[in-house]
Amino acid sequence: METKQPLQHVQMKDNSTQLKSLFNSYLDSKPLLTNPSALSISYSPTTIPHREKQVEELGRALAPALKGFRPSNVFVYGKCGTGKSLVVRFVTNELQQLARQKVRVIYVNCKMKKTANTEYRLLANIAEQLGKKMPDTGLPTDVMYRTVFDLIDSEEQAVILVIDEIDTLIAKTGDEILYNLTRINQDLKKAKLSLVGITNELGFLEKLEPRVRSSLSEEEFVFPPYNALQLQDILRERAKSAFASDVVGEGVIEKAAALAAQEHGDARRALDLLRVGAEIAERRGDVKINVTHIDASQEKVDYDRVIETIKAQPKQSQLVLMAIVKLSEKEQMIQTGEVFDNYEKMCKEHGMKSLTQRRVSDLIAELDMFGVIQTRVISKGRYGRTRTISLALDNNLKQKISTMLTEAL
DNA sequence: AGTCCACAGGAAGGGCAGGCGA
DNA sequence: TCGCCTGCCCTTCCTGTGGACT
């Protein structure tokens, strides 16, 4: 016992010294990333490479707002990371600055849970941006519509309502809300309302009822994916603002662009790869970012995305995933029935009440949507119709997730 | 050609929590 | 306090499906 205490003391002193030296060397080192926000999604650049045509077309469509006319409703399509939201924000910001009080832009993102993913929340969000705080729940929907209507029509103005990820909202609430919003427009006396819908889903409009479709879409723009060369231009442009000079090594931009181009030309991913690559280089104490940092970055970006998704899931969903992970250790292709049996067993082990197969089926579909697993509906003839499930993760990641879930449950 | 399996997935509604207004 | 409203998670009930089997 007597020998233990001094040992512990020495250990603590060592840690402290170690940490002090780490902090000091961090303080002394020159940061590679001088302006990290330039690589973030929310950054608003002054130029958007390879989107000149889209900026001009959208600008032309919304320009009537400057003269007090109602611009056409607009729909913007394109896969994620193709610059849709960026261009819409850019154009509407410029428009608002030029028009001052005459034009008002309201931006809502329907992917943001608890913010605008239901009819009520969307209306509450609009009301809040127009200056009136509404309760999170409790009021009848017609009261919400009336409030929003009164706020919009309170002065002579052109209101441009940008609904990002509009497909998410419609999938959840139905298209009635879009019909109601276009109807509001007919009753407005002073103000004019235009909608700008942004979606990843190209066939989105076909899903809407004809009466909604006809009232809604007056102009449509498609944003094509970026190719590797275009992504390089984007990265170079952002790198100028983000990094100190001469810290981006040879081939780094090309590598990040090429990796992102493989994923349907996603600029967001390209920026993530570069940002995380820079962070890794900094942490390793390197003075330059090189391609090995981008390789490490790719692994980390994938890992972080999956871990964050899984951590955010409710316990039941984690148990379903755990059942899939355990089954995947024995076989590659798993079926819904097996997952459910395994899940029920695990519920018993953890003293939890199990959900019905119907609900578990939905949880499996959600995990698929998040990209954690891959599923495919197949028919085995006489032996029924089912979904085959496989983990969309490499062995290393699978192992880490298994450990994480075991600790979490 | 008809049957059958093992689900998928849509629709309806229950129960609960949170909030509002009278 | 009570009735009403919403969102959310869930169950129950149901129809649909596609290919192997008879």
Side-chain angles (χ1 to χ4, degrees), chain A residues 108-128 132-151 163 165-181 201 203 206-209 309-321 323-324 327-328 331 333-348 350-370 372-390 409:
Chain A
V108 282
N109 188 336
C110 303
K111 262 271 166 73
M112 303 283 276
K113 266 196 167 183
K114 318 276 180 196
T115 309
N117 64 340
T118 65
E119 184 177 25
Y120 186 96
R121 283 181 185 155
L122 174 76
L123 293 168
N125 194 320
I126 296 170
E128 197 167 339
K132 187 160 187 182
K133 178 94 182 85
M134 303 300 282
D136 291 342
T137 169
L139 293 179
T141 317
D142 60 326
V143 174
M144 297 298 285
Y145 272 110
R146 172 54 51 191
T147 310
V148 168
F149 179 91
D150 289 344
L151 287 166
I163 309 180
E165 310 271 5
I166 193 167
D167 45 318
T168 312
L169 174 74
I170 301 309
K172 206 171 169 204
T173 66
D175 55 14
E176 194 66 23
I177 184 165
L178 292 183
Y179 184 69
N180 291 339
L181 285 171
E201 236 179 282
E206 278 131 51
K207 284 186 184 168
L208 303 177
E209 267 189 53
T309 308
I310 295 171
K311 273 187 184 165
Q313 296 309 304
K315 275 266 183 305
Q316 293 286 4
S317 188
Q318 290 180 348
L319 266 173
V320 171
L321 180 62
I324 295 170
L327 281 167
S328 75
E331 49 194 313
M333 279 299 166
I334 311 152
Q335 291 165 21
T336 305
E338 297 172 275
V339 173
F340 184 67
D341 292 345
N342 224 295
Y343 156 80
E344 274 193 312
K345 270 187 216 154
M346 295 178 69
C347 281
K348 271 187 198 150
H350 288 88
M352 285 170 73
K353 193 175 168 281
S354 63
L355 302 174
T356 57
Q357 181 150 352
R358 176 71 189 85
R359 180 69 188 136
V360 169
S361 174
D362 279 345
L363 293 179
I364 291 172
E366 274 176 27
L367 290 170
D368 183 21
M369 200 183 72
F370 294 138
V372 180
I373 57 171
Q374 281 171 346
T375 71
R376 198 160 63 92
V377 177
I378 58 153
S379 175
K380 296 190 297 161
R382 184 178 188 121
Y383 303 103
R385 196 165 163 260
T386 183
R387 218 173 352 206
T388 57
I389 303 156
S390 60
L409 294 167

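In what follows, chains are A, B, ... by sequence order, proteins preceding strands, each numbered from 1.
Across the protein-nucleic acid pair, A:Q335 atom CD and B:dA8 atom C1' stand 13 Å apart, rounded to whole Å. Summarising the geometry, the separation between CE on A:M352 and C1' on C:dC10 is reported as 14 Å, rounded to the nearest angstrom. Rounded to an integer number of Å, the gap from A:K315 NZ to C:dC9 P is 16 Å. Taking atom CG of A:L122 as the reference point, atom C1' of C:dT6 lies 15 Å away to the nearest angstrom. Atom CG of A:L123 is separated from atom P of C:dT6 by 11 Å (rounded to the nearest Å). Rounded to an integer number of Å, the gap from A:K380 NZ to C:dA20 C1' is 11 Å. One interatomic measurement links the two molecules: CZ of A:R146 to P of B:dC20, which rounds to 21 Å at whole-angstrom precision. If you measure from atom CD1 of A:I334 to atom C1' of B:dC7, you get 16 Å, rounded to the nearest angstrom.
When all heavy atoms of A:V372 and A:T309 are compared, the closest pair comes out as CG2-CG2, 4.3 Å. Between A:M352 and A:L319, the closest heavy-atom pair is SD-CD1, 3.6 Å. Nearest heavy-atom pair, A:Q335 versus A:E338, reported as atom, atom and distance to 0.1 Å: N-OE1, 2.8 Å.
Interatomic distance, A:I163 CD1 to A:L181 CG, rounded to the nearest 0.5 Å: 5.5 Å. Atom-to-atom distance recorded for A:M346:CE and A:S354:OG is 12.5 Å, nearest 0.5 angstrom. With rounding to the nearest 0.5 angstrom, the CD1 atom of A:I378 is 8.5 Å from the CE atom of A:M333. Atom-to-atom distance recorded for A:L355:CG and A:C347:SG is 7.0 Å, nearest 0.5 angstrom.
The side chain of A:Y383 has C:dA20 as its nearest neighbour among C:dA20, C:dG19, B:dC7.
Mapped onto DNA chain B by nearest heavy atom, A:R387 and A:R382 fall at different nucleotides, with A:R382 at the one closer to the 5' end.
Interface residues of residues 363-370 of chain A facing DNA chain B, ordered by number: none; criterion, heavy-atom separation under 4.0 Å.
Taking only distance into account, the side chain of A:S379 meets the base of C:dG18 through a donor-acceptor pair shorter than 3.5 Å.
In the model, A:R387 has a side-chain atom that pairs as donor or acceptor with a side-chain atom of A:S361 under 3.5 Å.
The bend of the helix from B:dA1-C:dT22 to B:dA22-C:dT1, defined by the angle between the axes of its first five and last five pairs, stands at 20° to the nearest 10°.
Under the 4.5 Å side-chain criterion, counting only non-hydrogen atoms from C-beta, A:V377 is not in contact with A:T386.
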Please walk me through it: do A:Q316 and A:V360 pass side-chain contact (heavy atoms from CB on, under 4.5 Å)?
-> CA-CA 9 Å; A:Q316 293 286 4; A:V360 169; over 6 Å; no
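Taking 4.0 Å as the cut-off between side-chain N and carboxylate O, A:R358 and A:D362 count as a salt-bridged pair.
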Between the protein and nucleotides 11-14 of chain C, which nitrogen or oxygen pairs are less than 3.5 angstrom apart?
residue : atom : partner : partner atom : Å
C:dT11  : OP1  : A:T356  : N            : 3.2
C:dT11  : OP2  : A:T356  : N            : 3.1
C:dT11  : OP2  : A:T356  : OG1          : 2.9

